[in-house]
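All ligand and atom numbering here is 1-based and tracks the order in the structure.
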Amino acid sequence: MKVFVLSHSGTPLMPTTPRRARIFLTSRRARVLTREPFTIQLCFETTTYTQPVTVGVDTGSQMVGIAATANREVVFQAEMHLRTDISGKLMQRRQYRRTRRTRKTRYRAARWANRRRSSGWLPPSLRARAEATVKAVRFVSRVLPIGQINVEIGSFDTQHMQNPEVSGASYLQGQLAGYLLREYLLAKWQRQCAYCQTSGVPLQVEHLIPKSRGGSDRPSNLVIACEPCNKGKGSRTAEEFGYPEIQAQARVPLTDAAHVSSIKTAVVQPLAQQFGAERVAVRYGYETKYQRIQVLNLPKSHANDAVAIACAIGEVVKPLTVVYQLRCVPRGHYQMYNGKHSEHKVWAPRKVKSWKLYELVKAKGQVGYIGGRRVKGAFVVKDVRSGKALVEVTPHKLEEEIMLLYIPMRLCWKTSLNHRMRFPASSGY
Ligand SMILES: [Zn+2]
């Protein structure tokens, strides 16, 4: 557990221990800036010497893992839950618009083929994901002096492999190469057995022409197969086994996946613009996997992947038990009235009984964030990880049931929520 420290002028310094932070705070040489994550600002001038902090970003479709390492120690680890409601909401908006337009202006000329998409356009759901990923790095940069940023963009490097079918076995050596080859083959054969299309079972690398009969180790001679198929095939070739088409399929090399290039333009480019191109490096899934399993021996999670991404290959770091949970929430609520004749007001004031939307609370023994407030005063408490409603607390129980979760310094890892990742105006954001 680390306490984040900002200098007198607001620039991030190296994080410190809770003990040292307490000494600073009790002697009034520092003040608490934010409680989540626990950050203090020094009230005296210091040197701003810092050691390099490396940030690892594990991009994902539902969750982004983010971690920071410094001096062979993990100093920050978080999982950011992305929004998954965007395409549904846009669909809803589209339907409302359609009905409204036909209702009000029935003879309006059709306008659907006169729009153009700007270059670099991404679907809104993907754009939100990419922007949130960049935001997560900015969030870390406010409390830690970031040196290097590593972003995982795909499972393997098709550019670097050039044409693995041609460059062949000579380049594929060592343990890391085994991971690269496996990831490549898994992607090429859609993570399923090439013969019986089974997925979700342990898959093995299989030689089309067996090694015992002079088959090579080149990717063009390799497929992914389940154990029964691999054993059943034995020392026969794929053709003899009854699958001549697999042999032809294996000769076609895999090209760069579309999502890899979209991550490159939507995440890596903005990061390079904001932090400098020389500080942003690209990493691949097979390296992460090797580092996480073989070097760090950590279970699979987005936060652990991010730790593996932040490390140099082969570097051993001390992991953190603290994993922050961040959640992306919509900026606002646009609907103002509902009811058959739009007679019900549906927005709540900024504060209801001193509670704000998205505040972290405890209700009926469960911890969550305020996801909704009813007219009568009931609060919907939602889970930070899943975003699903946990409890709805009735108005007369409100006072006694809901209380602000007091987070003492040493417990602040237990649950944390930083929904909008807002920071005080003084820090320049
Ligand atoms: Zn099989």
Under 3.5 Å donor-acceptor pairs involving side-chain atoms of residues 202-209, not counting sequence neighbours:
unit_1	atom_1	unit_2	atom_2	d
Gln204	OE1	Asn230	ND2	2.7
Glu206	OE1	Tyr195	OH	2.8
Glu206	OE2	Lys233	NZ	2.8
His207	NE2	Asp217	OD1	2.8

Worksheet item: Do Asp383 and Arg385 meet the salt-bridge criterion of a basic N to acidic O distance under 4.0 Å?
Response: no
Discussion item. Whether the side chain of Glu240 engages the backbone of Thr237 through a donor-acceptor N/O pair (distance < 3.5 Å, no angle test) should be reported.
Written reply: yes
Worksheet item: When you measure from the side chain of Lys188 to the backbone N and O of Ala250, does any donor-acceptor pair fall under 3.5 Å?
Response: yes
Practice prompt. Give me the protein N, O or S atoms that fall under 2.8 Å of the Zn ion (ligand 1), sorted by chain and residue number.
Written response: Cys193 SG, Cys196 SG, Cys226 SG, Cys229 SG
Worksheet item: Stepwise, does the side chain to side chain donor-acceptor pair (under 3.5 Å) test hold for Gln325 with His81?
Response: CA-CA 8 Å; Gln325 301 294 322; His81 304 267; 2.6 Å; yes
Discussion item. Looking only at the side chains, is there a donor atom on one of Asn221 and Gln247 sitting less than 3.5 Å from an acceptor on the other?
Written reply: no
